[in-house]
A.B. asks: 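Would you mind keeping the following structure in view while I ask a few things?
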Amino acid sequence: MSALLEELPAAAAPAIALRQVGKHFGTQEVLKAISLNVYPGEIVALLGASGCGKSTLLNIISGLLPADNGDIVLQGEAVAQFSQWRQVAYLFQEDRLLPWRTVRQNVNFALENSALSRAERQRRVEAALQLVGMAQVGNKWPHQLSGGMRSRIALARSLVAEPQILLMDEPLSKLDPQTRSAMHDELLRIRQLKNMTVVMVTHDVEEAVILADRIVILQPNPGRIKQFVTVTLPRPRLPTSRDVAEKVRLLRMEV
């Protein structure tokens, strides 16, 4: 598979723009010269072996980690001056539900410091639970839920602030294959409904092919971009599809 240059849609300003971003941990260079545009409504997967800096890059985009050099721009604002963090949601590897709060209270947690009225917060919580198909479990406790249900509640908590950008750090990696496939369908449905921009970290080539519009392959030591791959296969992309299987096979040769 030959390397592909990043395709830049001329009519759209990027939702996320990275220019020559680098990061060190002590004397170790973990990211080097990362340049990437992510466009509104796009799903971009960061793919690569463990240790190539995928999660570090996502944390830099989210503002959780500072870059040591380079520029990060979100929605047209430099990340250091970015003022609309409620437009950015982060789904972590763990669901991070608070065990002493009900499902409804966990989802509401994302809105507690907002200027929204109580009535508006309640409306958004119920809408988010409805969106992920969990409206019937609002009064349950996290320990009463299956892993897939907990993942849906974590997604509802991320969506309740109605973000424009969703960052995902392998939040589905611990689910069984059937539940994970169902969550893939759910994410694609919600992304289309809400027109969110999504950047996701994965080490699963099949997941990247099924979900992403573009795949950014990173290589380690230090983490840097090896290749951009555009996925043009029509959706839904079934793992059993011959075209999907062939794309996965070719990508595995590159990762």
Side-chain angles (χ1 to χ4, degrees), residues 12-18 21 37-44 55 57-67 71-142 145 149-169 171 183 186-201:
I16 302 167
L18 308 178
V21 170
N37 286 334
V38 181
Y39 293 92
E42 190 177 29
I43 300 178
V44 170
S55 293
L57 182 57
L58 201 70
N59 286 335
I60 288 173
I61 294 171
S62 72
L64 293 176
L65 275 179
D71 300 309
I72 305 102
V73 176
L74 302 179
Q75 308 280 51
E77 294 184 53
V79 70
Q81 287 81 43
F82 190 61
S83 58
Q84 301 298 319
W85 283 112
R86 289 192 180 276
Q87 295 181 5
V88 181
Y90 199 132
L91 266 176
F92 295 91
Q93 290 185 18
E94 305 83 20
D95 58 62
R96 301 193 178 191
L97 299 182
L98 302 176
W100 58 88
R101 287 176 174 247
T102 66
V103 163
R104 189 171 280 107
Q105 290 166 344
N106 265 284
V107 176
N108 184 65
F109 182 72
L111 299 177
E112 285 185 354
N113 293 322
S114 73
L116 299 173
S117 68
R118 181 178 179 181
E120 176 61 14
R121 291 199 302 271
Q122 290 176 339
R123 184 198 69 78
R124 290 197 184 193
V125 167
E126 298 308 318
L129 289 172
Q130 185 72 37
L131 190 62
V132 301
M134 291 285 106
Q136 75 280 9
V137 301
N139 291 325
K140 289 186 178 293
W141 302 93
L145 307 178
M149 293 171 76
R150 291 175 67 103
S151 293
R152 287 174 183 265
I153 300 309
L155 178 59
R157 184 180 56 194
S158 297
L159 298 176
V160 72
E162 301 181 355
Q164 295 181 19
I165 296 172
L166 177 62
L167 308 177
M168 301 170 54
D169 190 0
M183 285 299 295
E186 192 76 357
L187 282 166
L188 288 171
R189 180 183 69 82
I190 293 170
R191 188 290 302 254
Q192 184 174 23
L193 186 65
K194 297 296 185 180
N195 195 35
M196 289 185 302
T197 304
V198 179
V199 181
M200 56 177 287
V201 163

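The figures here come from the full heavy-atom set of this structure, side chains too, leaving out hydrogens, waters and symmetry mates.
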A.B. asks: Look up atom CG in Leu18 and atom CG in Leu57, then write down how far apart they are to the nearest 0.5 Å.
C.D. replies: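 Here the rounded value is 6.0 Å.
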A.B. asks: I'd like to check Val137 versus Ile153 (side-chain heavy atoms, cut-off strictly below 4.5 Å). Are they in contact?
C.D. replies: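 Touching, per the 4.5 Å side-chain cut-off.
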A.B. asks: When the ring planes of Trp85 and Phe82 are compared, do they come out parallel, tilted or perpendicular, using 30° and 60° as the limits?
C.D. replies: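 Judged by the thresholds at 30° and 60°, the geometry between Trp85 and Phe82 is perpendicular.
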A.B. asks: Check whether any side-chain heavy atom of Met200 sits under 4.5 Å from a side-chain heavy atom of Leu187, and report yes or no.
C.D. replies: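 No, too far: nothing below the 4.5 Å cut-off.
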A.B. asks: Arg157 side chain to Ala110 main-chain N or O, any donor-acceptor pair under 3.5 Å?
C.D. replies: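 No: the side chain of Arg157 does not pair with the backbone of Ala110.
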A.B. asks: So how far is it from Arg118 CZ to Asn108 CG, rounded to the nearest 0.5 Å?
C.D. replies: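 Result: 9.5 Å between the selected atoms.
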A.B. asks: Could you tell me whether a side-chain N or O of Arg121 sits under 3.5 Å from a main-chain N or O of Leu116, the two making a donor and an acceptor?
C.D. replies: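 Yes; at least one donor-acceptor contact below 3.5 Å.
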A.B. asks: Hey, are the side chains of Ile61 and Val88 touching, using non-hydrogen atoms and a 4.5 Å cut-off?
C.D. replies: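 Not touching, per the 4.5 Å side-chain cut-off.
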A.B. asks: What is the distance from atom CE of Met149 to atom CG of Leu97, rounded to the nearest 0.5 Å?
C.D. replies: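 Here the rounded value is 11.0 Å.
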A.B. asks: Could you tell me whether the side chain of Thr197 and the main chain of Gly41 form a donor-acceptor pair under 3.5 Å?
C.D. replies: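 At least one qualifying donor-acceptor pair exists.
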A.B. asks: In this structure, are over 12 heavy atoms from other groups packed under 6.0 Å from Gln192 atom CD?
C.D. replies: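 Not buried by this count: 12 neighbours or fewer within 6.0 Å.
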A.B. asks: Taking only distance into account, with no hydrogens and no angle test, what donor-acceptor pairs under 3.5 Å do side-chain atoms of residues 158-167 form with protein atoms, sequence neighbours excluded?
C.D. replies:
from: Ser158; atom 1: OG; to: Ala154; atom 2: O; distance (Å): 3.2
from: Gln164; atom 1: OE1; to: Gln75; atom 2: NE2; distance (Å): 2.5

A.B. asks: Minimum heavy-atom separation for Asn37 to Tyr39, with atom names?
C.D. replies: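 Between these two residues, the closest heavy atoms are ND2-OH, 3.2 Å.
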A.B. asks: How about Asn106 and Arg150: do any of their side-chain heavy atoms sit closer than 4.5 Å?
C.D. replies: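 No. Closest side-chain heavy atoms not under 4.5 Å.
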A.B. asks: How about Leu155 and Ile190: do any of their side-chain heavy atoms sit closer than 4.5 Å?
C.D. replies: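 Yes - at least one pair of side-chain heavy atoms lies under 4.5 Å apart.
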A.B. asks: Please report, to 0.1 Å, the donor-acceptor pairs under 3.5 Å made by any side chain of residues 123-136, with sequence neighbours excluded.
C.D. replies:
from: Arg123; atom 1: NE; to: Glu120; atom 2: OE1; distance (Å): 3.0
from: Arg123; atom 1: NE; to: Glu120; atom 2: OE2; distance (Å): 3.3
from: Arg123; atom 1: NH2; to: Glu120; atom 2: OE2; distance (Å): 2.8
from: Arg124; atom 1: NE; to: Glu120; atom 2: OE2; distance (Å): 3.0
from: Glu126; atom 1: OE2; to: Arg104; atom 2: NE; distance (Å): 2.5

A.B. asks: Give me the atom names and distance for the closest heavy-atom approach of Trp100 to Trp141.
C.D. replies: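 The answer is O-CZ3, 3.2 Å.
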A.B. asks: For the atom pair CD (Gln87) and CD (Glu77), what is the distance rounded to the nearest 0.5 Å?
C.D. replies: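 Between Gln87 CD and Glu77 CD, I get 8.5 Å after rounding to 0.5 Å.
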A.B. asks: Please answer whether the main-chain N or O of Val201 pairs with a side-chain N or O of Asp169 as donor and acceptor at a distance below 3.5 Å.
C.D. replies: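 No: the side chain of Asp169 does not pair with the backbone of Val201.
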A.B. asks: Check for a donor-acceptor pair, side chain of Asn59 on one end and backbone N or O of Leu64 on the other, with a separation under 3.5 Å.
C.D. replies: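 No.
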A.B. asks: Taking atom CZ of Phe109 as the centre, does the number of heavy atoms from other residues, nucleotides or ligands within less than 6.0 Å exceed 12?
C.D. replies: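 No, not enclosed.
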A.B. asks: Minimum heavy-atom separation for Tyr90 and Ser55, please, with both atom names.
C.D. replies: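 Looking at all heavy atoms of both residues, the shortest contact is OH-O, 4.5 Å.
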A.B. asks: Which atom names give the shortest non-hydrogen contact between Ala67 and Ile60, and what distance separates them?
C.D. replies: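 So the two residues come closest at CB-CG2, 4.1 Å.
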A.B. asks: Where do Ala13 and Pro40 come nearest, in terms of heavy atoms and distance?
C.D. replies: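 Ala13 and Pro40 have their closest heavy atoms at O-CD, 3.2 Å.
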A.B. asks: Hey, which of Val198, Leu74, Val199 is the one that makes side-chain contact (heavy atoms from CB on, under 4.5 Å) with Val38?
C.D. replies: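 Answer to the side-chain contact (heavy atoms from CB on, under 4.5 Å) test with Val38 among Val198, Leu74, Val199: Val199.
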